[in-house]
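Nothing here was measured: the structure is a model prediction, and the numbers come from that model.
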Amino acid sequence: MPSFATHRLRVHDASLPPHRRLSALRTCLTVFSPYGFYATYHHLCRSAGIPRDLGEDPESLVRAVDELHEARLLWLDAAAVWRVGRRAQKRAGVRRPEPPEPAQWLFWPDPEFHPGGRLAEVLPGVMRGRPDVEGDQRRDGVCPVCACDRGTVEWDGSGHGRYTLCAGCGLGLGRRPHPLPPGPERGEVRADFRHRRRLIWARAV
């Protein structure tokens with residue numbers, strides 16, 4: 001597994017060309033990405049103002065990786081505290097952990113619809129959830145990230161199912177089969193979704 005710390009230092013290394021520093025940032029995202037890779041990358045590009053031409057503002061990469069690092073430290077601290085408590089529970093014969101282990105990530109189906117605040121501000125809500133790519137991420141019908149019911153919206157832009165999203169933050173709360181049958185129309189939806197991800201990769205949206 002790549003080292004987050006090593007690649008964070010490469011992002012900070014001004015002697016490296018910007019494209020290599022960007023590559024190091026993306027490697028950090030393979031280690032820690034609270035919204036999933038593309039959604040977290042899209043968030044950081046916006047929050048840090050990473051331009052399409054990296055030469056215009058190479059230090060935006062530092063702002064991005066430091067925001068990611070700040071959130072990761074919160075998760076590492078919470079996970080360490082949880083492990084201490086879990087060892088005590090095991091000694092006491094408690095078989096099911098309570099509370100559950102802090103989640104490191106949750107699933108945002110639409111990578112362009114995610115929370116707008118800093119990752120460190122949103123992460124406590126992420127840690128309350130349960131990572132499940134099928135969308136089983138709510139407790140008592142409430143979005144764990146918003147900690148309230150802000151309503152829902154439907155999204156079927158990936159071609160892999162119709163997702164119920166929290167209307168406030170975009171978190172996936174459930175999934176049903178895609179309304180389109182297999183065929184050219186669904187293929188077009190999937191192709192458009194791949195195109196949108198390429199635009200995110202290129203920092204064009």
Side-chain angles (χ1 to χ4, degrees), residues 1-75 103-123 125-126 129 131 133 135 145-146 153 155-161 163 165-172 187-205:
M1 176 177 288
S3 165
F4 185 97
T6 297
H7 286 86
R8 175 173 173 257
L9 289 176
R10 290 176 182 169
V11 177
H12 277 260
D13 188 351
S15 70
L16 295 175
H19 73 274
R20 288 190 58 190
R21 297 169 73 183
L22 175 64
S23 178
L25 171 63
R26 289 170 172 165
T27 301
C28 289
L29 284 166
T30 66
V31 179
F32 183 75
S33 51
Y35 306 160
F37 182 90
Y38 280 96
T40 308
Y41 181 60
H42 184 259
H43 165 81
L44 291 175
C45 288
R46 286 187 167 187
S47 66
I50 302 176
R52 293 197 70 178
D53 181 356
L54 297 173
E56 293 178 357
D57 186 8
E59 289 308 297
S60 62
L61 300 171
V62 174
R63 295 193 296 272
V65 80
D66 282 354
E67 179 179 347
L68 189 65
H69 175 62
E70 178 188 25
R72 183 170 181 265
L73 288 179
L74 290 178
W75 176 77
Q104 181 176 350
W105 64 277
L106 295 178
F107 182 50
W108 270 261
D110 180 354
E112 297 177 63
F113 181 19
H114 45 73
R118 287 184 66 82
L119 291 175
E121 297 170 356
V122 180
L123 194 69
V126 172
V133 296
V145 175
C146 297
V153 294
W155 182 79
D156 54 15
S158 70
H160 295 286
Y163 291 89
L165 312 181
C166 170
C169 72
L171 178 68
E188 290 176 6
V189 173
R190 291 184 176 181
D192 183 65
F193 181 63
R194 290 193 296 270
H195 175 66
R196 297 300 299 180
R197 292 209 303 185
R198 286 194 293 270
L199 292 178
I200 291 172
W201 183 260
R203 304 172 304 287
V205 291

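- The closest side-chain heavy-atom distance from R8 to D66 is below 4.5 Å.
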Quiz item: Could you go step by step and tell me if F107 and Y163 meet the side-chain contact (heavy atoms from CB on, under 4.5 Å) rule?
Solution: CA-CA 11 Å; F107 182 50; Y163 291 89; 3.6 Å; yes

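- For the pair W105/T40, no side-chain contact is recorded, criterion being any heavy-atom separation below 4.5 Å from C-beta on.
- Ring geometry for H42 against H114 counts as perpendicular: the plane angle is over 60°, on a 0 to 90° scale with 30° as the lower cut.
- Contact between Y35 and P115 at its shortest, heavy atoms only, is OH-CB, 3.7 Å.
- Each of R21, R203, R63 was evaluated against D57; a single residue qualifies, R63, per the salt bridge (charged side-chain N to carboxylate O under 4.0 Å, His left out) test.
- In the model, R72 has no side-chain atom that pairs as donor or acceptor with a side-chain atom of H69 under 3.5 Å.
- Taking the side chain as every heavy atom from C-beta outward, V189 and D156 never approach each other to under 4.5 Å.
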Exercise. Decide side-chain contact (heavy atoms from CB on, under 4.5 Å) for L171 and W108; before the verdict, give the C-alpha distance in whole Å, the side-chain angles of both, and the deciding distance to 0.1 Å.
Key: CA-CA 5 Å; L171 178 68; W108 270 261; 3.8 Å; yes

Exercise. Start with the C-alpha gap between L119 and F32, add the side-chain angles, then the distance that decides, and say whether side-chain contact (heavy atoms from CB on, under 4.5 Å) holds.
Key: CA-CA 11 Å; L119 291 175; F32 183 75; 5.6 Å; no

Quiz item: Between V11 and H7, does a side-chain contact (heavy atoms from CB on, under 4.5 Å) hold up when you go through it step by step?
Solution: CA-CA 6 Å; V11 177; H7 286 86; 5.7 Å; no

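- For R190, the CZ atom sits in a packed shell: over 12 heavy atoms of surrounding residues, nucleotides or ligands are nearer than 6.0 Å.
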